[in-house]
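This structure is a prediction, so every number in the text was calculated from the model and none was measured. Letters A, B, ... are given to chains in the order of the sequence lines, protein chains preceding strands, and every chain is numbered from 1.
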There are 2 protein chains.
Amino acid sequence: MTDTPTRSKMETPAIYDDLHRKLVTAQFGHGEKLKSEELRQTYGCSANTIREVLFRLSTAGLVAFEEQRGFRARRTSKERQHDLTQFRILLEQEGASLSMKHGDIEWEARLSAAHHKISHIESEVRRAGTVVHVLALWSNAEWEFHDTLISACQSPLLRETYKTIYDQFRQQLVSRDTNYGYYIENIEEHRAILEAALARDEPSCRKHIRDHLARNMLN
Amino acid sequence: MTDTPTRSKMETPAIYDDLHRKLVTAQFGHGEKLKSEELRQTYGCSANTIREVLFRLSTAGLVAFEEQRGFRARRTSKERQHDLTQFRILLEQEGASLSMKHGDIEWEARLSAAHHKISHIESEVRRAGTVVHVLALWSNAEWEFHDTLISACQSPLLRETYKTIYDQFRQQLVSRDTNYGYYIENIEEHRAILEAALARDEPSCRKHIRDHLARNMLN
DNA sequence: ACCTGATTTAATTTTGAAATTATAGCAAAA
DNA sequence: TTTTGCTATAATTTCAAAATTAAATCAGGT
């Protein structure tokens with residue numbers, strides 16, 4: 001763990017959100033032990049509250065739980081990265097296809113807006129040559145774009161599942177934070193997805209989604 | 001809740017399994033309140049242990065949780081049934097396709113065996129004109145068949161997600177228990193899926209999976 | 001030196017009760 | 001009769017400590 005936050009008392013949902021944020025931004029090392037006692041002191045609550053939060057995070061796939069042996073930040077592996085990528089491709093392709101089928105002009109507008117934002121941030125990254133100073137902004141905007149893409153699919157299950165996969169995916173990608181070349185390539189890919197989606201060109205959209213997501217496994 | 005089980009003390013995993021079983025076999029009514037106090041007495045443990053188990057079941061999608069308002073057996077609805085069905089079709093089609101791609105002779109053998117079992121039980125149902133006396137057997141065999149079908153997909157994520165969806169799907173299907181016509185139609189459909197899978201005929205397998213699962217929404 | 005087993009230490013898990021919050025019942029006013 | 005507010009009841013949620021279990025330390029033997 002990197003920084004110790006406020007020592008003030010927090011409600012259970014706030015603790016969940018804070019730990020969730022720390023996990024997907026990899027402020028815990030892969031496989032790092034998450035001790036009840038430490039977290040209890042950090043958040044100023046009882047061990048039981050921490051336990052409950054960690055349980056929820058474990059079913060969200062960000063934390064590994066072993067009986068009588070506590071909680072750890074989820075470990076990464078080549079196999080798991082591959083699995084997450086392939087599954088994310090499946091869900092995003094299906095979600096985008098359904099959105100293209102059901103989405104109205106409102107959906108198109110929201111998608112354009114989301115693309116405008118992420119595109120603007122990525123242009124800044126290209127100019128600055130680094131992403132660190134806008135990483136949190138970029139991270140939110142990237143999520144917004146992909147979530148908006150599938151937001152008209154009319155399947156709550158698909159959308160919820162996609163979010164859990166997306167979060168686990170993010171958790172693996174920390175080492176990429178300073179490699180701004182990664183973000184630069186996103187600019188073209190996001191535009192390709194946007195244009196295919198607006199044109200309701202399903203095969204093209206599927207292809208660009210696959211290309212965009214699969215590139216994450218190349219190193 | 002229908003029957004009160006043993007009053008003896010149970011370990012947390014045993015409580016989870018028992019409640020899971022009761023939920024997917026709909027021994028709780030849809031939307032029925034799950035009171036900590038009652039369950040605590042039933043299983044001879046503290047309210048906190050019950051809380052922990054219900055939390056796990058809520059992230060498995062079988063129980064609905066509302067802050068400050070406790071737990072309920074998940075409600076059903078036409079929309080949710082449709083969503084579950086469509087999502088299950090997506091996952092099972094993808095899982096079967098991948099299994100056909102990666103599966104070896106061992107997978108074929110396991111699939112044949114699983115089909116033999118479910119087929120045998122469904123023949124019995126046809127002869128007897130009712131399913132109630134073998135419902136538990138049938139339920140396990142049906143799961144075995146579908147799980148084996150996707151078992152060679154080489155994606156733990158896909159397989160785990162499929163299980164959670166399958167369980168939620170089961171939870172909705174209780175009223176069907178005495179309608180044995182439903183089970184009779186399964187015989188042909190399971191065979192069609194088996195044969196397409198063994199022939200590695202992906203389009204045909206996808207079609208039969210869709211037909212088999214979609215039929216559940218017709219009433 | 002290395003393995004084995006007992007003891008100490010540190011962690012997780014369960015408990016029972018206190019604190020908090022929602023729900024139901026009831027009375028008074030519109 | 002309906003609504004509003006208060007009270008009593010019942011439920012959920014949090015807590016601190018006890019009980020349980022795993023991990024680490026150390027001593028004795030091979």
| message | Does A/H116, at its NE2 atom, have more than 12 non-hydrogen atoms belonging to other residues, nucleotides or ligands within less than 6.0 Å? | response | no
| query | In whole angstrom, what separates A/L34's CG from C/dA10's P? | reply | 20 Å
| task | Whole angstrom is fine here: how far is it from CD in B/E37 over to C1' in D/dA10? | result | 10 Å
| task | Take A/H190 and A/H115 through the test ring-ring contact (aromatic ring centres under 6.0 Å, His included) and record every step on the way to the result. | result | CA-CA 7 Å; A/H190 284 152; A/H115 176 264; 7.0 Å; no
| request: Tell me whether the OP1 or OP2 atom of C/dT23 has a side-chain N or O from B/R69 closer than 4.0 Å. | output: yes
| request: Output yes when B/K117 and B/E144 qualify as a salt bridge under the 4.0 Å nitrogen-oxygen rule, no when they do not. | output: no
| Closest to the A/Q68 side chain: C/dT14, C/dT12, D/dT14? | C/dT12
| request: Provide, to the nearest angstrom, the distance between the NZ atom belonging to B/K35 and the C1' atom belonging to C/dA22. | output: 13 Å
| Between B/L54 (CG) and D/dA11 (P), how many Å, whole number? | 15 Å
| request: Mind checking B/F55 for me? I need base, sugar-phosphate or nothing, with any heavy atom below 4.0 Å counting as a touch. | output: nothing
| message | What is the distance, to the nearest angstrom, from the NZ atom on B/K33 to the P atom on D/dA11? | response | 8 Å
| said: Looking at the base of C/dT12, is there any donor atom on it, or on the side chain of A/N48, that sits under 3.5 Å from an acceptor on the other one? | reply: no
| query | To the nearest angstrom, how far is A/E66 atom CD from C/dA11 atom C1'? | reply | 14 Å
| said: Quick check on D/dT14: is either OP1 or OP2 less than 4.0 Å from any side-chain nitrogen or oxygen of A/T12? | reply: yes
| note | Regarding the side chain of B/F71, the nearest nucleotide among D/dT21, D/dT14, D/dT13 is D/dT13
| said: Please classify the nucleic acid contact of A/S36 as base, sugar-phosphate, or nothing, using heavy-atom distances under 4.0 Å. | reply: sugar-phosphate
| task | State, without any angle test, whether B/D18 and B/Y43 hold a side-chain donor-acceptor pair at a distance under 3.5 Å. | result | yes
| field | Rounded distance (Å) that lies between atom P of D/dT20 and atom CD of B/E11 | value | 11 Å
| note | Tested for salt bridge (charged side-chain N to carboxylate O under 4.0 Å, His left out) against B/D147, the lone hit among B/R159, B/K163, B/R110 is B/R159
| CZ of B/R51 versus P of C/dT15: gap in Å, rounded? | 16 Å
| task | Would you tell me if any nitrogen or oxygen in the side chain of A/T49 comes within less than 4.0 Å of OP1 or OP2 on D/dC15? | result | yes
